[in-house]
Amino acid sequence: MSSEKNLRNIAIIAHVDHGKTTLVDEMLKQSGIFRSNEQVQDRVMDSNDLERERGITILSKNTAVHYNDVKINIVDTPGHADFGGEVERILMMVDGVLLLVDAFEGCMPQTRFVLKKALGLKKKVLVVINKIDRPNARPAEVVDEVIDLFIDLGADEDQLDFPVVYASARDGYSSLDENVRSGDMRPLLDAILEHIEPPAGDANEPLQILFSSLDYDDYIGRIGVGRVERGKVAKNQSIVLCKTDGTTQNVKVSRLYQFEGLNRVEVENASAGDIVCISGISDLNIGETACAPDCVEPLPFIKIDEPTISMNFIVNDSPFAGREGKFVTSRNIRDRLFKEVETNVSMRVEETETTDTFKVSGRGELHLSILIETMRRQGYEFQVSRPKVILKEIDGVTCEPMELLIVEVPEQYVGAVIEKLGSRKGELINMGTRDGGSTHLEFRIPSRGLIGYRSEFLTDTNGNGIMNQLFDGYEPYKGDISTRERGSIVVHETGVSTAYGLFNTQDRGRLFIPAGVEVYEGMIVGECAKNEDIVCNVCKNKHLTNTRASGSDDALRLVPHSNMSLEQCMEFIKDDELLEVTPQSLRLRKRVLSKEQRLKQQFRGK
């Protein structure tokens, strides 16, 4: 039997939080990757600090297990719609997918998105109904939902005849029977060997490797991760790299790796079907093809969906600029952003008319906020503007991106949610009830209608609602949407906030800072209760006199301030405001810091 027959390449795809990474954990543990006494943390594939903090997968990662003398290459993919570009390109590396669906939640927006991509590429699908041990789990109904989704997405007869495995990734068992509540992962691994085809490439034909991902090592530099589509590749072999712009380049494979468990293992050679890592190509990019010198035939790369939201990244020019950041110049920021585009295929960076501003476009607010958070942790200091949707002109009509929004809320909050989304041009297209008293709502809504809505949603539902969204094409522009209805509390002068100054300000609205914080003129320290900006002196000190009066010298009681997260800050700012991002602080500010200059601008605008 040839080595290709002892190989399977699969990707695990699902909606966010349906258990992909936990399932990979169990497959690694039960295949004997770890020593019996080895300390292994949960969700071991989520190796990035941000991933562990947020509990989501952001970057797709490769691993491999051995079962019954067969090597199974597994790619763990993100579940959030904003990282769909990661999923799309990874599907080029595999022959089949495990579609993971929660036994209680059923098919969610991202389930539809990733399945549509997999069916479009004619990948074999193995459905895994996960979390069957959950209270109120409904595996039989969920299988029917999956069948309906396949039909809805135009699957052919072969694709509709999909195998189903029931599992509890957390408890480490799987079965072909939905009523089994014990065992191990062997039924799932057996199903993978039985239903997922081995790679089809011919090892005797000229070499072709399609690079779908990039990695980086401090010692050996850039590493290209891709699949050998045909032929064989060896260490120190000379190859031709076909660039995305149509040019070619003669390069050499300095080192060759394959995945074993969680590690990259150096190998001497690999053949068709293998997923390999190649170092030695300094300017390699995603989507490029490595070919044999005597047969240069580049492979087409999948078209990645376009970005829908853009923000401006601006050099920090506030009075506190340069205090906390290590990289603060426009050159630092430019180099970092263009480096990001090399690996983040669904992101775009454009230079603007001014040298200190860069337009960055991505799939959604989370996609951009992860970049901002990563950069600030790396020591960068900059400012960002309010997110804006990217409008397109289609057949002479201005169109805007639309989202499919799926909401699960307790019954008593349905009215508030429908009213708020209606005012943001949301259109209710489906409504139903679930066991346990929750209501399932589906809306079509412009992407810009969701900017700033998440915090309102959590308030309206007392934190009991679940909200998921998915890009759903373009439609003609829907008209103006009124978003934030309240103004900002703006600082009057540079100084340090005092309890006395904040006490006199807190009746005006909600505060974002405590006492003892350095502030500057034009900085935003709260949300005004009215629909207008007000300027307050939060640095005001109480005048000390010898006069005493009963009741006036009581201890000042401050209302606890709101700690704003990065996403909340991005949603809060208006068009005339900026978010200052440093490794230690997030500060909201007006574009024009001087009150007199702002008033002059308003007067000119009338």
Side-chain angles (χ1 to χ4, degrees), residues 309-340 349-362 365 368-369 371-388 487-497 512-513 517-527 533-539 564-605:
I309 281 186
S310 68
M311 295 175 79
N312 285 337
F313 281 51
I314 308 163
V315 173
N316 189 11
D317 61 356
S318 82
F320 295 169
R323 286 190 182 186
E324 300 168 2
K326 187 178 174 185
F327 307 107
V328 297
T329 65
S330 60
R331 177 178 289 181
N332 293 146
I333 295 167
R334 181 188 185 282
D335 291 348
R336 176 63 183 82
L337 291 174
F338 279 98
K339 184 181 175 186
E340 181 70 22
V349 175
E350 303 166 46
E351 299 191 63
T352 61
E353 295 166 0
T354 56
T355 55
D356 63 348
T357 304
F358 304 92
K359 182 181 176 184
V360 182
S361 307
E365 280 178 278
L368 293 167
S369 74
L371 171 64
I372 294 168
E373 183 64 39
T374 305
M375 285 177 66
R376 73 182 284 228
R377 289 183 184 209
Q378 292 169 349
Y380 288 85
E381 181 179 307
F382 52 95
Q383 300 176 131
V384 294
S385 67
R386 175 186 169 90
K388 287 187 175 179
S488 304
I489 299 174
V490 185
V491 174
H492 168 65
E493 64 183 11
T494 301
V496 178
S497 63
F512 300 153
I513 63 165
V517 173
E518 282 194 272
V519 296
Y520 53 79
E521 182 188 4
M523 184 170 153
I524 296 167
V525 293
E527 181 183 43
D533 294 341
I534 58 166
V535 178
C536 294
N537 187 359
V538 296
C539 306
M564 299 273 278
S565 69
L566 173 60
E567 279 88 359
Q568 286 171 327
C569 290
M570 287 167 59
E571 291 175 350
F572 179 82
I573 53 179
K574 290 182 176 177
D575 290 335
D576 66 334
E577 296 167 353
L578 296 172
L579 169 61
E580 181 185 346
V581 180
T582 75
Q584 296 169 29
S585 312
L586 294 171
R587 299 187 188 97
L588 299 163
R589 55 161 286 188
K590 287 289 183 183
R591 277 183 189 266
V592 179
L593 297 177
S594 163
K595 180 184 175 183
E596 288 75 20
Q597 294 293 332
R598 290 200 301 275
L599 289 171
K600 284 178 182 176
Q601 272 196 356
Q602 282 179 2
F603 184 74
R604 287 194 207 104

**Q** Might you work through the side-chain contact (heavy atoms from CB on, under 4.5 Å) test for Leu566 and Met570, ending with a clear yes or no?
**A** CA-CA 6 Å; Leu566 173 60; Met570 287 167 59; 4.1 Å; yes

**Q** Listed by chain and number, what are the salt bridge (charged side-chain N to carboxylate O under 4.0 Å, His left out) partners of Glu324, not counting sequence neighbours?
**A** Arg587

**Q** Can you list the residues that meet the side chain to side chain contact (heavy atoms under 4.5 Å, CB included) rule with Leu593, with sequence neighbours excluded?
**A** Pro319, Tyr520, Arg589

**Q** Which pairs, with at least one residue in residues 574-593 and sequence neighbours excluded, count as a ring-ring contact (aromatic ring centres under 6.0 Å, His included)?
**A** none

**Q** Going by side chain to side chain contact (heavy atoms under 4.5 Å, CB included), name the residues that satisfy it together with Val360, two or more places apart in sequence or in a different chain.
**A** Phe313, Leu337, Met347, Val349, Leu368, Leu371

**Q** Which atom names give the shortest non-hydrogen contact between Gly487 and Lys574, and what distance separates them?
**A**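 It is CA-NZ, 4.1 Å.
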
**Q** What is the minimum heavy-atom distance between Pro583 and Gly325, and which atoms define it?
**A**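 Closest heavy-atom pair between Pro583 and Gly325: CD-CA, 3.8 Å.
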
**Q** Kindly compute the distance separating CE (Met564) from CZ (Phe572), expressed to the nearest 0.5 Å.
**A** 5.5 Å

**Q** Carefully, step by step, assess Arg336 and Gln378 under the rule side-chain contact (heavy atoms from CB on, under 4.5 Å).
**A** CA-CA 10 Å; Arg336 176 63 183 82; Gln378 292 169 349; 2.7 Å; yes

**Q** What I'd like to find out is whether the side chain of Phe358 reaches to under 4.5 Å of the side chain of Glu351, using heavy atoms alone.
**A**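 Sidechains of Glu351 and Phe358: in contact.
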
**Q** Quick check for you: to the nearest 0.5 Å, what is the distance between Glu580 atom CD and Phe320 atom CZ?
**A** 8.0 Å

**Q** Of the options Val315, Val328, Asp356, which is the one that meets Ile333 in a side chain to side chain contact (heavy atoms under 4.5 Å, CB included)?
**A**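 The passing option is Val315.
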
**Q** Closest approach of Asn316 and Ser318, non-hydrogen atoms and distance?
**A**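 Scanning both residues completely, I find the closest heavy atoms to be OD1-N, 3.2 Å.
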
**Q** If you round to the nearest 0.5 Å, how far is OG1 of Thr582 from CZ of Phe382?
**A** 9.5 Å

**Q** May I have the step-by-step check of side-chain contact (heavy atoms from CB on, under 4.5 Å) for Thr355 and Arg334, ending in yes or no?
**A** CA-CA 9 Å; Thr355 55; Arg334 181 188 185 282; over 6 Å; no

**Q** Please list, chain by chain and in numerical order, all residues satisfying side-chain hydrogen bond (donor to acceptor under 3.5 Å, both in side chains) with Asp576, sequence neighbours excluded.
**A**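 Asp576 satisfies side-chain hydrogen bond (donor to acceptor under 3.5 Å, both in side chains) with Lys590 once adjacent residues are dropped.
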
**Q** Can you list everything that forms a salt bridge (charged side-chain N to carboxylate O under 4.0 Å, His left out) with Arg591? Sequence neighbours excluded, please.
**A**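 Arg591: no salt bridge (charged side-chain N to carboxylate O under 4.0 Å, His left out) contacts found.
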
**Q** Nearest 0.5 Å, please: how far is NZ in Lys388 from CG in Asn312?
**A**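 Reported to 0.5 Å precision, the distance equals 7.5 Å.
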
**Q** Of all the heavy-atom pairs spanning Asp575 and Arg386, show the shortest one and how long it is.
**A**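 Looking at all heavy atoms of both residues, the shortest contact is OD1-CD, 3.0 Å.
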
**Q** With the side chain counted from C-beta on, respond yes when Glu571 and Glu365 share a heavy-atom pair under 4.5 Å apart, and no when they do not.
**A** yes

**Q** Under the rule for salt bridge (charged side-chain N to carboxylate O under 4.0 Å, His left out), what residues qualify as partners of Glu521, not counting sequence neighbours?
**A**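 Per chain and number, Glu521 pairs via salt bridge (charged side-chain N to carboxylate O under 4.0 Å, His left out) with no residue.
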
**Q** Rounded to the nearest 0.5 Å, what separates atom CD1 in Ile489 from atom CD in Glu527?
**A**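 Answer rounded to 0.5 Å: 8.5 Å.
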
**Q** Sequence neighbours left out, what passes side-chain hydrogen bond (donor to acceptor under 3.5 Å, both in side chains) with Thr329? Give chain and number order.
**A** Asn332

**Q** Determine the minimum heavy-atom distance between Gly522 and Arg598, stating which atoms define it.
**A** CA-NH1, 4.1 Å

**Q** Are Arg323 and Glu381 within salt-bridge range, i.e. N to O under 4.0 Å?
**A** no

**Q** Mind checking side chain to side chain contact (heavy atoms under 4.5 Å, CB included) for Val496 and listing every partner two or more places apart, or none if nothing turns up?
**A**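 Once residues adjacent in sequence are excluded, the partners of Val496 under the side chain to side chain contact (heavy atoms under 4.5 Å, CB included) criterion are Glu518.
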
**Q** Could you pull out all residues at least two apart from Ser310 that satisfy side-chain hydrogen bond (donor to acceptor under 3.5 Å, both in side chains)?
**A** none

**Q** Could you list the residues that satisfy side-chain hydrogen bond (donor to acceptor under 3.5 Å, both in side chains) with Glu596, not counting sequence neighbours?
**A** Ser594

**Q** Please give me the minimum heavy-atom distance between Val384 and Ile573, naming the atom from each residue.
**A**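 Closest approach of Val384 to Ile573, heavy atoms only: O-CD1, 4.0 Å.
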
**Q** With side chain to side chain contact (heavy atoms under 4.5 Å, CB included) as the test, pick out the partner of Leu579 among Ile372, Ile314, Leu586, Ile524.
**A** Leu586

**Q** Can you list the residues that meet the salt bridge (charged side-chain N to carboxylate O under 4.0 Å, His left out) rule with Arg376, with sequence neighbours excluded?
**A**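 Arg376: salt bridge (charged side-chain N to carboxylate O under 4.0 Å, His left out) contacts with Glu373.
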
**Q** Between Ser488 and Val490 (side chain of the first, backbone of the second, donor and acceptor by atom type, cut-off under 3.5 Å), is there such a pair?
**A**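 Answer holds: no.
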
